[in-house]
Amino acid sequence: QVLGPDTLFLGATVAAVVVTVVTFLPSFLFILAGGPLVEATQISGGFDHSCERMSNGTLRCWGSGYSGQLGDGQTLSGDADRNRSRAVAVLNLTTAVSVSAGGAFTCARLSDGTGWCWGDNKGGELGGAVGNISIPRQLPELSNAASIDAGWAHACEEAPPELVKI
């Protein structure tokens with residue numbers, strides 16, 4: 001026996017050092033060396049795509065992009081590869097405070113209270129003219145949203161309490 005009953009404290013100390021070196025030290029060095037300073041703070045899943053809000057206010061999406069719901073300026077259709085297995089950056093939004101992936105579209109609320117949506121708009125679920133939108137577009141008449149939520153084929157905004165009239 002290397003560490004018998006008379007050296008219990010020494011054995012525990014050696015075990016703690018091994019665990020620290022093997023488990024915690026590599027993670028600490030990774031972060032210290034410039035690991036992911038920007039991380040996902042929210043993830044939302046739609047029918048066949050998902051999006052994440054990053055800690056710096058940007059958004060990234062992955063999955064199917066056939067209706068433009070990834071927000072990268074493309075509507076992937078026909079023979080083109082319609083699925084993105086890696087996240088792509090959503091264009092033009094840098095101050096997002098929430099993201100909500102719907103059926104085949106996505107919406108986000110920005111720090112200024114505006115709502116932005118992109119993707120499937122065949123039924124007018126994103127407001128304005130009907131037709132798919134592959135880059136974020138500001139929702140008309142929405143400037144002070146408390147929250148925004150995307151459903152299968154609709155989006156809802158929660159107005160701040162001071163604007164609610166009964």
Side-chain angles (χ1 to χ4, degrees), residues 23-24 26-161 163-164:
T23 306
F24 302 114
S27 297
F28 176 74
L29 292 176
F30 177 70
I31 292 169
L32 190 64
L37 299 176
V38 178
E39 57 188 26
T41 56
Q42 178 194 5
I43 297 176
S44 180
F47 173 66
D48 55 5
H49 75 289
S50 297
C51 296
E52 62 187 352
R53 179 175 54 90
M54 308 305 288
S55 59
N56 66 354
T58 60
L59 300 170
R60 301 184 332 165
C61 296
W62 62 95
S64 178
Y66 64 90
S67 296
Q69 64 264 48
L70 303 182
D72 62 348
Q74 299 183 31
T75 51
L76 308 170
S77 61
D79 294 334
D81 180 12
R82 298 190 326 175
N83 296 311
R84 298 280 191 246
S85 59
R86 298 183 146 236
V88 294
V90 174
L91 299 177
N92 306 327
L93 298 182
T94 58
T95 61
V97 294
S98 69
V99 63
S100 182
F105 68 98
T106 309
C107 294
R109 185 173 67 89
L110 304 188
S111 60
D112 63 0
T114 57
W116 295 71
C117 294
W118 57 96
D120 184 4
N121 190 38
K122 289 187 285 279
E125 51 267 61
L126 308 183
V130 175
N132 292 344
I133 303 164
S134 61
I135 59 172
R137 179 176 75 183
Q138 186 173 356
L139 294 173
E141 301 179 24
L142 179 60
S143 60
N144 198 16
S147 68
I148 188 166
D149 195 24
W152 177 253
H154 67 282
C156 294
E157 166 219 355
E158 178 186 359
L163 295 181
V164 176

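Small disclaimer: the values here were computed from a predicted structure and weren't measured.
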Derivation of the side chain to side chain contact (heavy atoms under 4.5 Å, CB included) call for L91 and W118 = CA-CA 10 Å; L91 299 177; W118 57 96; over 6 Å; no
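Across I135 and G73, no two heavy atoms sit closer than the pair CG2-CA, 3.5 Å. Considering every non-hydrogen atom in both I148 and G115, the closest pair reads CD1-CA, 4.4 Å.
With sequence neighbours excluded, the residues that form a salt bridge (charged side-chain N to carboxylate O under 4.0 Å, His left out) with R60 are E52. Listed by chain and number, the residues in a ring-ring contact (aromatic ring centres under 6.0 Å, His included) with W62 amount to none (sequence neighbours excluded). Residues forming a side chain to side chain contact (heavy atoms under 4.5 Å, CB included) with S147 (at least two apart in sequence, or on another chain): E158.
Annotation: salt bridge (charged side-chain N to carboxylate O under 4.0 Å, His left out) contacts involving residues 114-124, sequence neighbours excluded, comprise D120-K122.
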Enumerate donor-acceptor pairs with a distance under 3.5 Å from any side-chain N or O in residues 92-111 to protein atoms, sequence neighbours excluded.
unit_1 : atom_1 : unit_2 : atom_2 : d
S100   : OG     : D149   : OD1    : 2.9
S100   : OG     : A150   : N      : 2.8
T106   : OG1    : H49    : NE2    : 2.8
T106   : OG1    : Q69    : O      : 3.0
R109   : NE     : A146   : O      : 3.2
R109   : NH1    : A145   : O      : 3.4
R109   : NH2    : A146   : O      : 3.4

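Looking at D48 and Y66, their side chains come closer than 4.5 Å, going by heavy atoms from C-beta outward. For the pair C51 and L59, the minimum side-chain heavy-atom distance is 4.5 Å or more.
S67 places no side-chain N or O within donor-acceptor distance of the main-chain N or O of G119, the cut-off being under 3.5 Å. Of the possible polar contacts, one joining the N121 side chain to the L126 backbone as a donor-acceptor pair under 3.5 Å is found.
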